[in-house]
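This report refers to the structure that appears directly beneath it.
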Number of protein chains: 2
Amino acid sequence: MATGRTHRPATRSRGIPEATVARLPLYLRALTALSERSVPTVSSEELAAAAGVNSAKLRKDFSYLGSYGTRGVGYDVEYLVYQISRELGLTQDWPVVIVGIGNLGAALANYGGFASRGFRVAALIDADPAMAGKQVAGISVQHSDGLEKIISDNGVSIGVITTPPGVAQQVCDRLVAAGVTSILNFAPTVLTVPDGVDVRKVDLSIELQILAFHEQRKAGEEAAANESAVPAPAGRADSTDQGPDGDVPAVMPA
Amino acid sequence: MATGRTHRPATRSRGIPEATVARLPLYLRALTALSERSVPTVSSEELAAAAGVNSAKLRKDFSYLGSYGTRGVGYDVEYLVYQISRELGLTQDWPVVIVGIGNLGAALANYGGFASRGFRVAALIDADPAMAGKQVAGISVQHSDGLEKIISDNGVSIGVITTPPGVAQQVCDRLVAAGVTSILNFAPTVLTVPDGVDVRKVDLSIELQILAFHEQRKAGEEAAANESAVPAPAGRADSTDQGPDGDVPAVMPA
DNA sequence: TTATGTGAAGTGTTTCACAGCC
DNA sequence: GGCTGTGAAACACTTCACATAA
């Protein structure tokens, strides 16, 4: 790990916990829905239910932003929408480039949730010359040769990588060199970036694997109802427990 | 925090922390890459670097699984691949249905990371009659009328929802009624499910919003950069930390 | 000597419970 | 009375640092 010096936000009084930041978009979505239905105010209990969290957590989260509620009443929907938007930086325009226009890149380009939240797809970029000029989501795909120019011309600071894993790092390097400082990575690879650049990743298969873990545990629990403490030989290759369905095929596919 | 009704008896130490479970797929991916290069053993330091975490965390994580390493040497790659796969439940076959074959559904159907990890796309389902019969990723799309039958015939316990938000809840209800107990939701909606059903969500725009927050913070810091003479020598450059860590629960009891 | 495995310390997050204000 | 805002307690997760084993 680099012993960089880009220290922690010296963001004085503005220290909003990461966990809270990660939930703000959730609240914002719920609030936007209320706003569209012209609901004027909402209680922490109602809003928490709509966002899928509990109300104590929501109130604590909001307390980091300031005191935007009214005791005995609740929160003003419009006001809160604005405050959260501002806090997240969504009151400004964020030009974004998407690199790698396969199925996923196209899905993102078409995704409505971006435009409505301050994100503007400034360009779709692909390395395949055959893609250049094609229209995706109403935008003309450009060849990756022009990546650097596109980024500087549009003042892009956020890049989305939806390329195959093999080229993700080099795309990342070019994006960073061109001035991008935030990257959303959908390629199943660990990206190395200099200090000061943020990377967030979304790995579609990781989520499924986590579900499989819990699913397996559920299945195992049913059977484990009778069987209690396993003496456990404690030798080497045993874990505390074993797979539920006994037989397992060899190892992983190569 | 899987607070199910069915809470585990006194089944000792079956408790792998959620944070650890969420990283196992990461380790598995790194290990698979090593395995493909026929690397026989790996140290916690090397593997941690490949997975994008620090080595202390990795060793702690592995300690929950058992003592699978050799002091002074490291970990046997193949053995560890197997142990993690087994722990995650990937040594068994998981038939999955994907409901909503738009851009995103198609992207997922084509995603290679599934098949190689024990997930098998049992069916692609769409409500649009015009989609029925079309081939996507070599699989014929089926109309949603047959959803219940498909699920029971194939013993599907994991469903992926890639529909528009407006119909996500009703699709979810049908999946659950048909026997699905784990759901991966890509629709930007909070799903309500009965106890015992796991939901994980992936919201593409939430990740971007979190990036925007940090991006905005960076911009603000530049201005305040001159004043702090960078005290704290122990500070660490936080970047390098990729991962929707703040991943909000997503599951939860009614 | 090397690198794992793990108590203990440190840090971050959630929940509780109630004071404070409308 | 009702609901927010928040210290304090509980819990979860990470990091440290070193005993332990090959």
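Just so it is clear: chains get the letters A, B, ... in the order the sequence lines come, proteins before strands, and each one is counted from 1.
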Between [N] ([atom2]) and [X] ([atom1]): distance, integer Å:
X	N	atom1	atom2	answer
A:L24	C:dT13	CG	P	13 Å
B:D61	C:dT6	CG	P	13 Å
A:L47	D:dG5	CG	P	12 Å
A:N54	D:dG5	CG	C1'	15 Å
B:K57	C:dG5	NZ	C1'	18 Å

Any donor and acceptor pair, going by atom type alone, linking the side chain of B:E46 with main-chain N or O of B:T41 inside 3.5 Å?
no
Checking A:T32 side chain against A:L28 main chain: does a donor-acceptor pair fall under 3.5 Å?
yes
Partners of A:A50 by side chain to side chain contact (heavy atoms under 4.5 Å, CB included), sequence neighbours excluded?
A:A30
Shortest side-chain distance from A:S63, nucleotide among C:dG7, D:dG5, C:dG5:
D:dG5
Out of C:dC16, D:dG5, C:dT4, whichever nucleotide has its closest atom nearest the side chain of B:S43:
C:dT4
If the cut-off is 4.0 Å, is [X] near the phosphate of [N], judged by side-chain N/O to OP1 or OP2?
X	N	value
A:R59	C:dC18	no
B:S44	C:dA3	no
A:Y75	D:dG5	yes

Would you kindly compare A:V73 and A:A56 by the position of their nearest DNA chain D nucleotide and give the one closer to the 5′ end?
A:V73
Under the ring-ring contact (aromatic ring centres under 6.0 Å, His included) rule, what pairs show up with a residue in residues 20-43 of chain B, not counting sequence neighbours?
B:Y27-B:F62
Would you say the base of D:dT20 and the side-chain of B:R71 have a donor-acceptor pair closer than 3.5 Å?
yes
